[in-house]
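Counting starts at 1 for both ligands and their atoms, following the listed order. In what follows, residues are counted from 1 in the order of the sequence shown.
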Amino acid sequence: MSAAIGKDIKKAKELLEEGALVAIPTETVYGLAANGLNPKAVTRIFSVKNRPQFDPLILHLPSIDRLTLYAEDVPRQALTLAQQFWPGPLTLVLNRKNIIPDIVTAGLPTVGLRCPDHPLTRALLNAIAFPLAAPSANPFGYVSPTTAAHVADQLGNKIPYILDGGPCRVGLESTIVGFPDGVPTVYRQGGLKIEDLEAVLGNVALRVTASSDPRSPGQLESHYAPGKKLIIGVIDDLIKQHATEKFGILSFEKSYDVAHQVVLSSSGDLAEAAHHLFAAMRTLDASPIDIILTEYVPDVDLGKAINDRLRRAAR
Ligand code: TXA
Ligand code: MG
């Protein structure tokens with residue numbers, strides 16, 4: 001099989017209705033979608049990604065109106081966040097309803113729900129009668145795809161269709177927020193800034209570090225990783241230390257006089273850096289180098305999620 005790539009929503013709809021997988025664009029990253037109410041279709045996601053079945057999936061909805069079909073006992077603060085930030089890069093972990101197959105939630109009593117903000121995928125979600133279960137459309141543990149070509153490179157021979165919505169606007173996965181004991185808690189930093197959450201809720205708790213909890217592998221220390229070794233530090237120092245090796249450079253704003261490098265944002269803009277991050281990792285991964293030398297970006301706004309991905313990629 002070799003995936004067709006196009007903008008045909010009707011074709012995507014028909015394939016999904018048959019239980020096939022379709023890669024879909026979102027504002028964060030591309031997703032690998034299946035009918036979220038069809039356990040057989042959802043099982044295919046796990047085999048195509050080589051993803052362990054204990055890692056639960058996010059269900060994607062066309063609008064907040066469908067939230068109560070899939071979640072119950074929704075905290076008031078969760079509703080406030082959905083009203084404020086959907087469609088957008090926010091996933092809410094809520095108590096699930098039984099209509100959702102166990103395979104989607106890995107048997108957990110909660111489910112991740114999100115309304116993605118991409119016109120093609122919103123049109124698709126509005127055209128179908130079921131939610132779409134979709135993890136990022138990459139092999140488990142690798143960098144998430146932010147273009148249709150990234151998906152085709154890695155999964156093109158395993159799925160029939162990729163809905164091409166161009167490069168993802170945000171470029172980082174959604175921010176995940178749950179409500180353990182009623183306390184708003186960030187499980188994964190992502191495309192929605194913590195500062196924006198706090199502007200609405202006041203302080204939020206963070207539970208994103210060093211978890212070996214098998215229920216949230218997105219939070220595992222090693223994840224989102226390119227194939228090549230990535231080393232974080234002060235780039236000028238790293239260049240001296242690794243002078244005898246074949247290295248490439250992934251920098252925030254400064255460019256260097258070396259053959260293989262990607263600058264994330266020459267104007268020092270964090271949103272632009274986020275938008276380019278995963279494509280940059282792929283470019284360097286495909287370059288004739290052995291290691292990637294990089295640096296943290298300023299640890300504010302989207303910089304927090306960028307640094308989180310760099311840290312995990314370096315493990
Ligand atoms: O931006 C995104 O969120 C993208 C696009 C396609 O929507 N999706 C995505 O899915 O990143 P995935 O499967 O690669 O990452 C979802 C993360 C996983 O780490 C999973 O463990 C966590 O969400 N998750 C899902 N349901 C959960 C739940 N009920 N409780 C805790 N964590 C959950
Ligand atoms: Mg993923």
Side-chain angles (χ1 to χ4, degrees), residues 21-34 36 42 45-46 48-61 70-71 78 85-97 100-118 120-122 124-125 131-146 150-151 154-155 162-163 165 168-180 185-192 207-208 211-225 274 278 305 308-309 312-313:
L21 304 188
V22 173
I24 56 166
T26 83
E27 80 283 26
T28 61
V29 301
Y30 275 74
L32 180 62
V42 174
I45 293 178
F46 288 91
V48 163
K49 270 189 68 103
N50 201 11
R51 174 171 171 132
Q53 292 199 2
F54 58 69
D55 189 3
L57 304 178
I58 297 170
L59 285 184
H60 296 71
L61 315 177
Y70 307 110
F85 297 114
W86 282 0
L90 169 70
T91 294
L92 295 171
V93 173
L94 301 169
N95 289 337
R96 66 185 274 208
K97 283 197 168 158
I100 302 169
D102 279 339
I103 178 97
V104 170
T105 66
L108 293 175
T110 53
V111 62
L113 298 175
R114 142 169 148 83
C115 270
D117 187 13
H118 189 289
L120 275 184
T121 291
R122 293 195 77 196
L124 174 63
L125 284 165
L132 289 177
S136 52
N138 51 281
F140 184 68
Y142 195 72
V143 179
S144 295
T146 53
H150 293 165
V151 181
Q154 291 187 304
L155 303 180
I162 301 170
L163 195 57
C168 299
R169 178 170 54 80
V170 176
L172 295 172
E173 301 85 352
S174 61
T175 299
I176 302 180
V177 179
F179 299 84
T185 303
V186 174
Y187 294 148
R188 177 175 74 184
Q189 306 192 68
L192 180 67
R207 193 180 290 176
V208 294
S211 167
S212 59
D213 183 346
R215 287 170 304 175
S216 306
Q219 280 68 259
L220 287 182
E221 280 287 272
S222 174
H223 212 74
Y224 310 106
F278 290 153
D308 172 85
R309 299 305 186 272
R312 290 174 207 279

Counting both backbone and side chain atoms, is some N or O of [X] under 3.5 Å from an N or O of ligand 1?
X      : result
Thr26  : no
Thr110 : yes
Arg51  : yes

Tell me, do [X] and [Y] make a side-chain contact under 4.5 Å, heavy atoms counted?
X      : Y      : result
Leu132 : Leu124 : yes
Pro25  : Leu163 : yes
Lys49  : Pro135 : yes
Pro56  : Val93  : no
Pro139 : Asn50  : no

task = Examine ligand 1 and decide if any of its atoms is less than 4.0 Å from a heavy atom belonging to Val93.
result =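 Contact present.
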Problem set entry | Any His60 heavy atom less than 4.0 Å from ligand 1 | yes
Considering only heavy atoms of [X], which atoms of ligand 1 have at least one such atom less than 4.0 Å away?
X      : value
Gly31  : 6 (C)
Asp55  : 18 (C), 20 (C), 21 (O)
Ser174 : 1 (O), 2 (C), 3 (O)

### Passing option when Thr26 is tested against Arg114, Arg169, Arg122 for side-chain hydrogen bond (donor to acceptor under 3.5 Å, both in side chains)
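The side-chain hydrogen bond (donor to acceptor under 3.5 Å, both in side chains) with Thr26 is passed solely by Arg114 among Arg114, Arg169, Arg122.
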| message | Just by distance, no angles: are the side chains of Glu173 and Ser144 close enough, under 3.5 Å, to form a donor-acceptor pair? | response | yes
Note: Asp117 and Gly88 closest approach over all heavy atoms is CB-N, 3.9 Å
In terms of its nearest heavy atom to atom 8 (N) of ligand 1, the top option of Pro56, Ala33, Gly191, Ser136 is Ser136
Worksheet entry | Option with minimal heavy-atom separation from atom 5 (C) of ligand 1, where the choices are Val104, Thr28, Thr105 |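 Nearest heavy atom to atom 5 (C) of ligand 1 lies in Thr28.
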Q) Of all the atoms in Ser136, is at least one N, O or S atom closer to the Mg ion (ligand 2) than 2.8 Å? A) yes
Margin query: Below 4.0 Å, non-hydrogen atoms only: which portion of Ile176 touches ligand 1? Side chain, backbone, both or neither.
Written below: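 Side chain only.
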